[in-house]
Chemist: 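Here it is, the structure in full.
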There are 2 protein chains.
Amino acid sequence: MNIGQAAKASGVSAKMIRYYEETGLVMPAERSDKGYRIYSDKDVHTLRFIRRARDLGFTVEGIAELLALWRDRGRHSADVKQMAMGHVAALRRKIIELEEMAATLQTLADCCAGDDRPDCPILMDLAAGADGPAKMPHRFGPLAETKV
Amino acid sequence: MNIGQAAKASGVSAKMIRYYEETGLVMPAERSDKGYRIYSDKDVHTLRFIRRARDLGFTVEGIAELLALWRDRGRHSADVKQMAMGHVAALRRKIIELEEMAATLQTLADCCAGDDRPDCPILMDLAAGADGPAKMPHRFGPLAETKV
DNA sequence: ATAAAGGTTCCCATGATGGGAAGGTCAAGC
DNA sequence: GCTTGACCTTCCCATCATGGGAACCTTTAT
């Protein structure tokens, strides 16, 4: 199977498959005599695992750990569970952060007439000193600035 | 005021102040005869506005629009409100996306014994075909892959 | 005078992803 | 056999907001 077919079968783009190979997340694929990458069903299976983990929001680094556990027949399910719960906790922190932003903005917007006059509590809040009504961001460890 | 003092007073790092200048979000600061950037209280006020908008999750591009509205005395508050509500909508979409991830993972983790045995429904789910139980990601426009 | 602190520019890295160019390969149809 | 289009390869660049650090200059305090 060529990379394009593996991409289609796994839901991971050809670009990303090459990237995962380059960064060591997956083993380098075999090559045809002309240098084309060749994928087996097993490879596609692994790629689908990766795709799935990405869909659940794991970073590539986290996926590497998950893959290692997956391959380790002697793994303890506790280790997997701990990883999963750690990720859930990170997701929840991020959710709370976003909810606070949304709530603040919604409150401000609710106070805004939204007509053709220039007066706007949203701008007034932004322009207010840091001591104003909008909430300061809560720091939750290494999750850093929100990208929405 | 030097850049370090402006940074402290505004909550925006010196690095970011230079970056905002370079990318045109703020006007280039005045310079001393030796080339040091000089900031006024007004500049700091603008920087604090920016900081605040970042804390609410606006992108730099969005902040540029907000700043333009802020400076436009003839603005219509409806325009500001629309921007704010658009951002709230984006935040809510992201929140839902993260909540779905967290719920899926939590469900899987709940089914995981979390002991020293290797059997793990989390890994089984990840290894399952794309037709398995874990939810496929819901596409919500241009918000793209979640970074948590 | 000297040292510390802070300024300047420039380059690099992040994380996951896509775009695109230049060039080789394969398969199908004529 | 030859052309064409689809596909592969590598390599470089861009994203977005942020930080790190080097090399070098200035200001301030001792």
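This structure is a prediction, so every number in the text was calculated from the model and none was measured. Below, chains carry the letters A, B, ... as their sequence lines are ordered, and counting in each starts from 1.
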Chemist: Send over the distance from A:Gln5 CD to D:dA6 P, rounded to a whole Å.
Modeler: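 Spelled out: CD on A:Gln5 to P on D:dA6 is 15 Å.
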Chemist: So, does B:Tyr20 get its side chain near the phosphate of D:dT18, meaning an N or O under 4.0 Å from OP1 or OP2?
Modeler: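 It does, given that an N or O in the side chain of B:Tyr20 lies less than 4.0 Å from OP1 or OP2 of D:dT18.
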Chemist: May I have the step-by-step check of side-chain hydrogen bond (donor to acceptor under 3.5 Å, both in side chains) for B:Ser77 and A:Asp115, ending in yes or no?
Modeler: CA-CA 6 Å; B:Ser77 67; A:Asp115 55 21; 3.3 Å; yes
Chemist: Using atom CD1 of B:Ile17 as one end and atom P of C:dG6 as the other, report the distance to the nearest whole Å.
Modeler: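 My rounded result for the distance is 15 Å.
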Chemist: Please lay out, stage by stage, how B:Thr46 and B:Asp43 fare under the test side-chain hydrogen bond (donor to acceptor under 3.5 Å, both in side chains).
Modeler: CA-CA 5 Å; B:Thr46 301; B:Asp43 295 329; 5.5 Å; no
Chemist: Nearest whole angstrom, please: distance from the P of D:dT18 to the CG of B:Leu47.
Modeler: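 Atom CG in B:Leu47 sits about 12 Å away from atom P in D:dT18.
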Chemist: I need the CD-C1' distance between A:Glu21 and D:dT10, as an integer number of Å.
Modeler: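 Roughly 12 Å, once rounded to whole Å.
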Chemist: Just compare C:dG19, C:dT8, C:dT17 and give me whichever is closest to any side-chain atom of A:Lys15.
Modeler: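 Among C:dG19, C:dT8, C:dT17, the one nearest the side chain of A:Lys15 is C:dG19.
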Chemist: At their closest point, which heavy atom of A:Ala109 faces which heavy atom of A:Ile122, and how far apart are they?
Modeler: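 That closest heavy-atom pairing would be CA-CD1, 3.9 Å.
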Chemist: Nearest-nucleotide wise, let me know which of B:Ala14 and A:Met16 is further upstream toward the 5' end of DNA chain C.
Modeler: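 On the 5' side of the pair lies B:Ala14.
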Chemist: Rounded to whole angstroms, how far apart are CZ on A:Arg51 and C1' on C:dA16?
Modeler: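 In whole Å, C:dA16 C1' and A:Arg51 CZ are 13 Å from each other.
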Chemist: Rounded to the Å, how far apart are A:Ile50 CD1 and C:dT17 C1'?
Modeler: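 Rounding to the nearest Å, CD1 of A:Ile50 and C1' of C:dT17 are 15 Å apart.
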Chemist: Within the 4.0 Å heavy-atom criterion, would you say A:Phe58 contacts the bases, only the backbone, or no part of the nucleic acid?
Modeler: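 Answer is nothing: A:Phe58 stays at 4.0 Å or more from every strand.
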Chemist: Choosing from D:dA17, C:dA16, C:dG7, which nucleotide comes nearest the side chain of B:Ile3?
Modeler: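 Nearest listed nucleotide: C:dG7.
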Chemist: Given D:dT18, C:dT17, C:dT9, identify the nucleotide with an atom nearest to the side chain of B:Arg31.
Modeler: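 Comparing D:dT18, C:dT17, C:dT9 against the side chain of B:Arg31, the answer is C:dT9.
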Chemist: Would you please test A:Arg51 and A:Asp55 for salt bridge (charged side-chain N to carboxylate O under 4.0 Å, His left out) and show each step?
Modeler: CA-CA 6 Å; A:Arg51 174 70 211 281; A:Asp55 288 344; 3.2 Å; yes
Chemist: Is it true that B:Arg31 and B:Glu21 have a side-chain N and a carboxylate O under 4.0 angstrom from each other?
Modeler: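 Yes.
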Chemist: Base, sugar-phosphate, or nothing: which does B:Ser13 touch, judged by heavy atoms less than 4.0 Å apart?
Modeler: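 The residue B:Ser13 makes sugar-phosphate contact but no base contact.
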Chemist: Choosing from C:dA16, C:dG24, C:dT8, which nucleotide comes nearest the side chain of A:Tyr36?
Modeler: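 Side chain of A:Tyr36 sits closest to C:dG24.
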Chemist: Between B:Arg18 and D:dT18, is there a side-chain N or O to OP1/OP2 distance below 4.0 Å?
Modeler: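 Checking B:Arg18 against D:dT18: no side-chain N or O falls below 4.0 Å of OP1 or OP2.
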Chemist: When the distance from OH of A:Tyr19 to P of D:dC11 is rounded to whole Å, what number comes out?
Modeler: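 Nearest whole value for this atom pair: 17 Å.
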Chemist: In whole Å, I'd like the distance from the CD atom of A:Glu61 to the C1' atom of C:dA13.
Modeler: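 It works out to 15 Å between those atoms.
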Chemist: Any side-chain N or O of B:Arg37 under 4.0 Å from OP1/OP2 of C:dT9?
Modeler: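 Answer is yes, contact under 4.0 Å.
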